[in-house]
Amino acid sequence: MSPALWEFGAKVEKASDRESPQEGAKSGSELLMDELQRYANHHLFHAAPTDVLQIWGILDLQEERERLGAETVDYTVQLVVWDFERRKALGLLAENQDFLSVIASGRFPEYEYSTIDVIRAHRRHLNRKKHKPAGITSCADEATLIASLACALRGVSFDDIVIFGSPVHYTTFFKHEGKAYWFNGKKEYFDQDAWRTLIGTERATSAREAIDARIVTLDRIITPRGHCLLNTEESTLGPESLARLFRDLREFFTVLPGKLASIPGERFRTARNRLEGLSSQPLDRADNAIEVRRQLRVLADRYPDSLLEGAFYCARDLEVRYPQAYLHAALRGHKARKAADEVECLEDAIGLVQRIEGTESIFADRNRIALPDEVLLFRTGNDRERALLLYTLLQHARGVQSATEQDAELIFTDTDSFVRCGSTLVSTKSLSKTVEIQGDVVLRMAV
């Protein structure tokens with residue numbers, strides 16, 4: 001739904017068009033996929049754990065256990081530690097990737113996975129680089145970005161996207177014009193011929209070893225229609241979709257990746273999935289961001305509380321059924337919580353927001369909203385984003401009576417945004433107290 005994605009795709013297509021396929025050479029599809037991999041690899045900076053620590057910061061694992069549950073957090077940490085120790089023993093772990101000592105101290109890099117707009121906003125953190133990349137990514141957002149770009153480039157169906165994942169690594173598999181490709185992050189990718197050539201070369205002596213060298217921790221398969229959790233053998237994909245998935249993976253890899261090899265398709269416990277019979281043709285035919293948004297809106301209305309509706313929250317669209325979700329997400333942010341430590345009164349909170357230098361949203365769209373942590377990180381935000389930041393600071397501030405107790409609310413109008421805390425009203429366009437709301441109210445919300 002982001003125009004930025006289609007701009008990125010247009011650059012990939014333009015670069016691909018410079019090389020015309022010749023007799024006996026690569027097809028147009030292969031040249032386009034080559035360029036997609038080359039462009040993502042050359043123009044995006046892959047953040048190592050040490051980069052994540054510097055940019056986003058660090059999480060307290062005990063706090064995360066309390067927030068998400070000990071079982072979820074401990075499973076993730078144990079898998080990461082196991083894989084990093086394995087890679088370290090093999091001499092495959094670079095110094096800037098080794099954060100085992102950080103985990104041992106009860107902390108963890110605060111990974112944030114982003115859509116294209118946030119990826120591009122990260123460019124301002126790359127001033128130290130001579131040739132500044134188009135943005136910063138980690139493996140999960142690389143996987144979703146490559147999948148999204150493949151759909152925008154046409155020739156890839158919504159139904160053809162598969163993401164292999166685990167807490168350690170994410171990769172993308174799809175078909176373009178009937179030919180399968182596997183992007184192992186942005187640095188490595190294979191078509192079927194290249195994959196078969198790899199088997200039996202280098203350290204790999206079999207398809208199994210070649211796969212395990214890349215996604216040995218695989219524990220989930222994600223598609224636009226649903227997912228499989230390999231550890232619990234649960235699936236929201238029906239038998240027909242599972243059979244098709246297994247067939248496509250065997251055809252490409254010659255064996256099924258990871259634990260899939262030991263789990264017959266019929267053994268998965270399948271949950272009801274309303275998207276199972278959905279036709280993807282309207283999305284497949286869309287050729288611009290506006291049309292994708294329009295088609296998704298129709299489908300989301302038809303399938304409420306589904307991934308289709310969730311896409312609008314991912315895009316930070318304000319025209320959603322539950323805009324309060326952004327308030328709850330804002331209150332979970334670690335940067336805003338830390339910033340609130342210096343807030344003793346309303347004036348302190350206003351002063352902190354005033355120190356945000358930029359006045360434009362990273363989304364370049366007033367109907368989409370960046371969260372307070374992003375406003376603090378990128379040092380920019382429009383009146384709506386500043387209002388959300390101010391509201392969040394007041395909620396967290398120890399020296400200010402609870403914003404909830406003061407009957408606080410966030411108010412967006414067509415011309416300005418306001419935070420009301422008790423009897424006090426603050427305009428975030430002027431960042432001053434006011435006595436009345438200016439403009440037509442388009443949204444009111446509170447926790």
Side-chain angles (χ1 to χ4, degrees), residues 33 36-37 40-41 46-49 75-94 97 111 113 137-147 150 160-175 180-224 226-235 237 242 244-265 268:
M33 294 301 103
L36 172 56
Q37 190 274 336
N41 192 32
H46 181 90
Y75 168 76
T76 298
V77 171
Q78 288 164 11
L79 196 61
V80 170
V81 169
W82 176 84
D83 186 66
F84 276 52
E85 287 179 340
R86 177 188 68 87
R87 288 160 58 190
K88 194 171 186 177
L90 294 171
L92 301 175
L93 193 64
Q97 295 176 319
Y111 277 87
Y113 301 113
T137 55
S138 296
C139 60
D141 39 29
E142 288 165 4
T144 54
L145 175 60
I146 287 170
D160 286 334
I161 300 296
V162 179
I163 291 178
F164 304 132
S166 82
V168 177
H169 189 44
Y170 286 82
T171 73
T172 308
F173 176 87
F174 58 78
K175 287 184 175 180
Y181 298 88
W182 181 35
F183 289 76
N184 184 32
K186 70 186 184 70
K187 294 184 179 180
E188 179 183 63
Y189 96 110
F190 304 93
D191 61 17
Q192 192 168 59
D193 293 337
W195 176 252
R196 300 247 167 120
T197 299
L198 174 75
I199 298 170
T201 65
E202 299 175 354
R203 295 193 224 181
T205 57
S206 68
R208 170 64 52 215
E209 289 185 12
I211 291 173
D212 286 350
R214 289 161 174 81
I215 51 173
V216 68
T217 57
L218 175 69
D219 70 350
R220 65 201 69 180
I221 304 286
I222 304 165
T223 79
H227 62 266
C228 302
L229 300 178
L230 308 189
N231 283 357
T232 58
E233 298 180 6
E234 296 173 290
S235 174
L237 295 172
L242 274 176
R244 178 189 174 206
L245 172 65
F246 279 38
R247 184 180 65 249
D248 287 347
L249 297 184
R250 277 199 190 95
E251 182 180 333
F252 184 89
F253 292 105
T254 72
V255 295
L256 289 175
K259 292 181 180 179
L260 275 181
S262 60
I263 308 174
F268 277 99

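Here the CG atom belonging to L218 is positioned 9.5 Å from the CG atom belonging to D212, to the nearest 0.5 angstrom. A distance of 7.0 Å separates CG of D83 from OG of S166, quoted to the nearest 0.5 Å. Rounding to the nearest 0.5 Å places CZ of F190 at 9.5 Å from CD1 of I199. With rounding to the nearest 0.5 Å, the separation of OG1 in T217 from CZ in F84 is 9.5 Å. Interatomic distance, CG of L230 versus OG of S235, reported as 9.5 Å (0.5 Å rounding). With values rounded to the nearest 0.5 angstrom, H169 atom NE2 is found 13.0 Å from L79 atom CG.
The nearest pair of heavy atoms linking P49 to Y111 is CG-OH, 3.4 Å. The heavy-atom pair separating F183 from T171 by the smallest distance is O-CB, 3.4 Å. For I222 against H227, the heavy-atom pair with the smallest separation is CA-CB, 4.3 Å. The two residues W195 and F252 come nearest to each other via the heavy atoms CD1-O, 3.5 Å. The two residues L245 and I221 come nearest to each other via the heavy atoms CD2-CG2, 3.8 Å. When all heavy atoms of P257 and L249 are compared, the pair lying nearest together is CD-CD1, 4.1 Å.
You'll find the side chain of Q192 reaches within 4.5 Å of the side chain of E251, heavy atoms only. The closest side-chain heavy-atom distance from W82 to V216 is below 4.5 Å. L260 places a side-chain heavy atom less than 4.5 Å from the side chain of F268. Side-chain atoms of K186 and L145, non-hydrogen and from C-beta on, never get closer than 4.5 Å to each other. Under the 4.5 Å side-chain criterion, counting only non-hydrogen atoms from C-beta, P167 is not in contact with Q78. Taking 4.5 Å as the limit, some side-chain heavy atom of D219 sits within range of a side-chain heavy atom of Y75.
Between the side chains of Y170 and D141, no donor N or O sits under 3.5 Å from an acceptor N or O. Inspection of the H46 and N41 side chains reveals no N or O donor paired with an N or O acceptor under 3.5 Å.
Comment: K259 does not engage E233 in a salt bridge, judged by the lack of any side-chain N to carboxylate O separation of less than 4.0 angstrom.
Remark: the backbone N or O of A94 is paired with a side-chain donor or acceptor of Q97 at under 3.5 angstrom. At least one donor-acceptor pair under 3.5 Å links the side chain of R208 to the backbone N or O of L256.
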(Q) With ring-ring contact (aromatic ring centres under 6.0 Å, His included) as the criterion, how do F174 and W182 come out once you've worked through the C-alpha distance, each side chain's angles and the decisive distance to 0.1 Å? (A) CA-CA 7 Å; F174 58 78; W182 181 35; over 10 Å; no
(Q) Pair R220, I163 - check side chain to side chain contact (heavy atoms under 4.5 Å, CB included), show working. (A) CA-CA 8 Å; R220 65 201 69 180; I163 291 178; over 6 Å; no
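Applying the side chain to side chain contact (heavy atoms under 4.5 Å, CB included) rule to R244 yields the partners D159, D160, R247, D248; only residues at least two apart in sequence or on another chain are considered.
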